[in-house]
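Every chain is numbered from 1, with letters handed out A, B, ... down the list of sequences. This structure is a prediction, so every number in the text was calculated from the model and none was measured.
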2 protein chains.
Amino acid sequence: MSLPHNSNFIKCSTCSLKGFCLPMMLSHSDIDRLDNIIQRNKLLEKGTKVYSIGDKFTHIYAIRSGYLKSYSISDSGEEQITGFHLPGEIVGLEGINTGSHVGFSETLVPSHLCAIPYDKLDNLNSKIDGLRQQLFKIMSQEITHNHELMLMLNQKNADEKIATFLLSLSVRESLGKGLTTQFVLPMTRTDIANYLGLALETVSRIIGKLIKQDVISVDHRQVTINKVNILSELAGTSCHFVDPNQHN
Amino acid sequence: MSLPHNSNFIKCSTCSLKGFCLPMMLSHSDIDRLDNIIQRNKLLEKGTKVYSIGDKFTHIYAIRSGYLKSYSISDSGEEQITGFHLPGEIVGLEGINTGSHVGFSETLVPSHLCAIPYDKLDNLNSKIDGLRQQLFKIMSQEITHNHELMLMLNQKNADEKIATFLLSLSVRESLGKGLTTQFVLPMTRTDIANYLGLALETVSRIIGKLIKQDVISVDHRQVTINKVNILSELAGTSCHFVDPNQHN
DNA sequence: CGGGCGCTTGAACAGGGTCAACATCCGTGG
DNA sequence: CCACGGATGTTGACCCTGTTCAAGCGCCCG
């Protein structure tokens, strides 16, 4: 899930939850109340499952640092990656409905998470209007984001998908402040392919093509975007990720 | 969005909101309080827009009768149908995040809606724990549903998509009680194609093939499922829609 | 009656999947 | 330190699924 890129936010004590604690909505005392129920977990090493399918739903998790991937598994055993998650984003909301997690989430790199007990959060939700409203907004945005994803999966070709994907990560990497031209892809080509609905060979080929055209450079898993405007064009005009301040 | 198919529910006065008023969670007085803020609109004729992109977000809508389609439009003008909605389901939640609707929703057939003013609902959310929790569940389920959709769009071929689509409608048509073998497709082939990420010719061909194989029959827009088990197989074992009581 | 929309069907094409071979990276252990 | 093996990534050739283009039909409604 991606949180608002344009929202003002403050650091919630040691736990940066972008979009979660809007200064306009929460008083300092309310922030303290929220802060008091948040559990700060120790560093999770790469490959650690935050939750697995079938686990009892008890917490939602805000990412302080690191990188997560979430995925679900169909009855026939096919894996589908449903999202990659960066610091400031929240995972685990899919468990609210049934009280059990219906998918997995795991760390792609060593990551720090904040665990927020859902029962205590729900209790605060009845008392702190701004918190409840913000949570509804976050879930609403997740729905909107999924609709954009659907548009991408249904209507874009392979080149457009890759371009859109790279730009999306680039923007989210920068925590909503413009666009980072250098970032790391901690997921495998297989993961990217699965997420975008492509074959891994196709992902490899298209990234290769972009390198040949000098639109991006790749060193191991480090990506540099050399020509943002070309990448944006490739992504289609429907790209929300272009920083209007960027002119290269 | 689809609501829980397995949840017990009661009629919320004149307004049937499946999953919305769980008897276990809401007292009769709470149901009355909810009922008092709900506006029952007159019959909307076919093709009426419930809301449009850019409209101020003021209400969410529960469908009492009829059929809706929701869609959004990319910057480049491409339309993407994000869902079809049947009685008992809720639309408009995508507007919570920004305070404006980011897509359209319109009636495919004459439909009755309940409009629920969001500010009043939010007010009740602070007072009625069960209502708030249920709303979070509904939004959580929407997220889960989108993940399943993603799996379908990414990993299923055209035949599987159509089979899954037909079964899904068949189950939802029956309001969660098993599976209706006869129902109406009020949307055009073009709509189905757009939703599933296929060309309309492909949709037409595959439906034709299913008819030829006598898996389904189609009379105008009336669909009859003749061989549920075959359709389920086609949909993939990942199909959640099979009624265990059906053995034909 | 006619025009437009929705739908079907056919034929040719192409984007991307599949299969296969090979290259590279990385951790492990000798 | 280097050799090995497995996982990951690249590249090529072929082929299939589903798209595109095109033509024609049926139905609804003015």
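Within residues 198-213 of chain B, the residues that place at least one heavy atom under 4.0 Å from DNA chain C are, in residue-number order, B/L200, B/E201, B/S204, B/R205. Listed by residue number, the members of residues 187-197 of chain A with any heavy atom below 4.0 angstrom from DNA chain D are A/T188, A/R189.
Chain B approaches DNA chain C over the interval C/dG6 to C/dA11, counting the first and last nucleotide 5' to 3' with an atom under 4.0 Å from its heavy atoms.
No donor-acceptor pair under 3.5 Å is formed between the side chain of A/R221 and the backbone N or O of A/F183. For A/N97 (side chain) and B/I138 (main-chain N/O), no donor-acceptor pair under 3.5 Å exists by modelled atom type. Not a single donor-acceptor pair under 3.5 Å links the side chain of A/R40 to the backbone N or O of A/C114. At least one donor-acceptor pair under 3.5 Å links the side chain of A/E89 to the backbone N or O of A/L86. Proximity of a side-chain donor or acceptor of A/D191 to a complementary backbone N or O of A/M187 within less than 3.5 Å is not detected. Under a 3.5 Å cut-off, the side chain of A/D55 and the backbone N or O of A/S52 do form a donor-acceptor pair. A donor-acceptor distance shorter than 3.5 angstrom exists from the side chain of A/S140 to the backbone of B/E94, with no hydrogens or angles considered.
Atom P of nucleotide D/dT8 and atom CG of A/L185 are separated by 15 Å, given to the nearest angstrom.
Put simply, CG on A/L234 and NZ on A/K156 are 10.5 Å apart, with the number rounded to the nearest 0.5 Å.
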With a cut-off of 3.5 Å and sequence neighbours excluded, list every side-chain donor-acceptor pair involving residues 198-220 of chain A.
from   : atom 1 : to     : atom 2 : distance (Å)
A/K209 : NZ     : A/D159 : OD2    : 2.5
A/D214 : OD1    : A/N226 : ND2    : 3.2
A/S217 : OG     : A/N226 : ND2    : 2.7

Show me, pair by pair, the donor-acceptor contacts under 3.5 angstrom made by side chains of residues 102-113 of chain A, not counting sequence neighbours?
from   : atom 1 : to     : atom 2 : distance (Å)
A/S105 : OG     : A/S70  : OG     : 3.1
A/E106 : OE1    : A/Y71  : OH     : 2.9
A/T107 : OG1    : A/E45  : O      : 2.8
A/T107 : OG1    : A/G47  : N      : 3.0
A/T107 : OG1    : A/T48  : N      : 2.9
A/T107 : OG1    : A/T48  : O      : 3.4
A/S111 : OG     : A/Y67  : N      : 3.2
A/S111 : OG     : A/V109 : O      : 2.7

Measure all distances between protein nitrogen or oxygen atoms and nitrogen or oxygen atoms of nucleotides 27-30 of chain D, and list the pairs falling under 3.5 Å.
none

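Note on ring orientation: taking the six-membered ring where Trp is involved, the planes of A/F57 and A/H101 are perpendicular (angle over 60°, cut-offs 30° and 60°).
When all heavy atoms are compared, the tightest approach of B/L167 to B/V228 is CD2-CG1, 4.4 Å.
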